[in-house]
Amino acid sequence: MKAAIIILSDPKAGEEALGRMFNALAAAYDFKQKKTEVGIYFQGTGTRWPGVLANTEHPIHALYKAVEDTVVGISCGCADVFGAREEVEKAGFDLITDNSVPGTSGLPSIAQIAADGYTVFTF
């Protein structure tokens, strides 16, 4: 099995969004510990998370650092739309443009991720 974790929650949305992020990272950690191939993708308002989680004072910063090496990248089009591109570039993650959606700079291709044999989990 291979797992793709798509993070869509908005860090500006409070506890519910933090709960989604925490559980997404915990799932990635679980897969990683079990030596299951796992990749994290930030999409939608979720593209705002890398900048937030870089703060060492954030309550789930340590968990984020434990799975940071599994981050495949950030949706370029979403980072543009939701104002996260500068923070994403500062964090050094790849901007993914596989799915050339009209009017955008591109997003990850969920169809390709699934075709590559990944089970997709959204948070």
S.K.: Would you check if the side chain of K65 reaches a backbone N or O of A54 as a donor-acceptor pair within less than 3.5 Å?
M.R.: no
S.K.: Which value, rounded to the nearest 0.5 Å, describes the distance between K90 atom NZ and E86 atom CD?
M.R.: 5.5 Å
S.K.: Would V52 end up clustered with L95 when hydrophobic side chains under 4.5 Å apart are linked, directly or stepwise?
M.R.: yes
S.K.: Identify the heavy atoms of S75 and G106 that sit nearest to each other, and give their distance.
M.R.: OG-O, 4.0 Å
S.K.: My understanding is that only residues two or more places apart in sequence, or in another chain, count here; which of them pass side chain to side chain contact (heavy atoms under 4.5 Å, CB included) with L8?
M.R.: I6, Q43, T122
S.K.: Hey, could you give me the OG/CD1 distance between S109 and I96, rounded to the nearest 0.5 Å?
M.R.: 10.5 Å
S.K.: Which pairs count as salt bridge (Lys or Arg N to Asp or Glu O under 4.0 Å) when at least one residue sits in residues 40-61, sequence neighbours excluded?
M.R.: D10-R48
S.K.: Quick one: does any side-chain atom of K2 pair with a main-chain N or O of D116 as donor and acceptor, under 3.5 Å?
M.R.: yes
S.K.: If you round to the nearest 0.5 Å, how far is CD1 of I74 from OG1 of T97?
M.R.: 13.0 Å
S.K.: Starting from Y41, can I reach Y29 by hopping between I/L/V/M/F/W/Y residues whose side chains sit under 4.5 Å apart?
M.R.: no
S.K.: From D30 CG over to N23 CG, what is the distance, rounded to the nearest 0.5 angstrom?
M.R.: 11.0 Å
S.K.: Is I40 linked to M1 within one hydrophobic cluster, defined over Ile, Leu, Val, Met, Phe, Trp and Tyr using a side-chain heavy-atom separation of less than 4.5 Å?
M.R.: yes
S.K.: Does atom CZ of F121 have more than 12 heavy-atom neighbours from other groups under 6.0 Å away?
M.R.: yes
S.K.: Kindly determine whether Q112 and D98 satisfy side chain to side chain contact (heavy atoms under 4.5 Å, CB included), including the steps that lead there.
M.R.: CA-CA 9 Å; Q112 188 60 56; D98 302 337; 5.8 Å; no
S.K.: Filter on salt bridge (Lys or Arg N to Asp or Glu O under 4.0 Å), then keep only pairs touching residues 11-21, sequence neighbours left out; what's left?
M.R.: E16-R20
S.K.: Can you measure from CG (L107) to CG (D80) and round to the nearest 0.5 angstrom?
M.R.: 9.5 Å
S.K.: Can you give me the closest heavy-atom contact between C78 and G44, atom names plus distance?
M.R.: SG-N, 3.1 Å
S.K.: Which heavy atom of A28 sits nearest a heavy atom of V38, and at what distance?
M.R.: O-CG1, 3.9 Å
S.K.: CD of E37 to OH of Y118: how many Å apart, nearest 0.5 Å?
M.R.: 3.5 Å
S.K.: For the pair F42 and F93, name the ring-plane relationship: parallel under 30°, tilted 30 to 60°, perpendicular over 60°.
M.R.: tilted
S.K.: Grouping I, L, V, M, F, W and Y whenever their side-chain heavy atoms are under 4.5 Å apart, do V67 and V72 come out in a common cluster?
M.R.: no
S.K.: Do you know which two heavy atoms are closest between M21 and S9, and how far apart they sit?
M.R.: N-OG, 4.3 Å
S.K.: Does atom CZ of F82 have more than 12 heavy-atom neighbours, drawn from other residues, nucleotides or ligands, at distances under 6.0 Å?
M.R.: yes
S.K.: Are F22 and F123 in one and the same hydrophobic cluster, where Ile, Leu, Val, Met, Phe, Trp and Tyr link if side-chain heavy atoms are under 4.5 Å apart?
M.R.: yes
S.K.: Keeping H58 on the side-chain end and L53 on the backbone end, is there a donor-acceptor pair under 3.5 Å?
M.R.: no
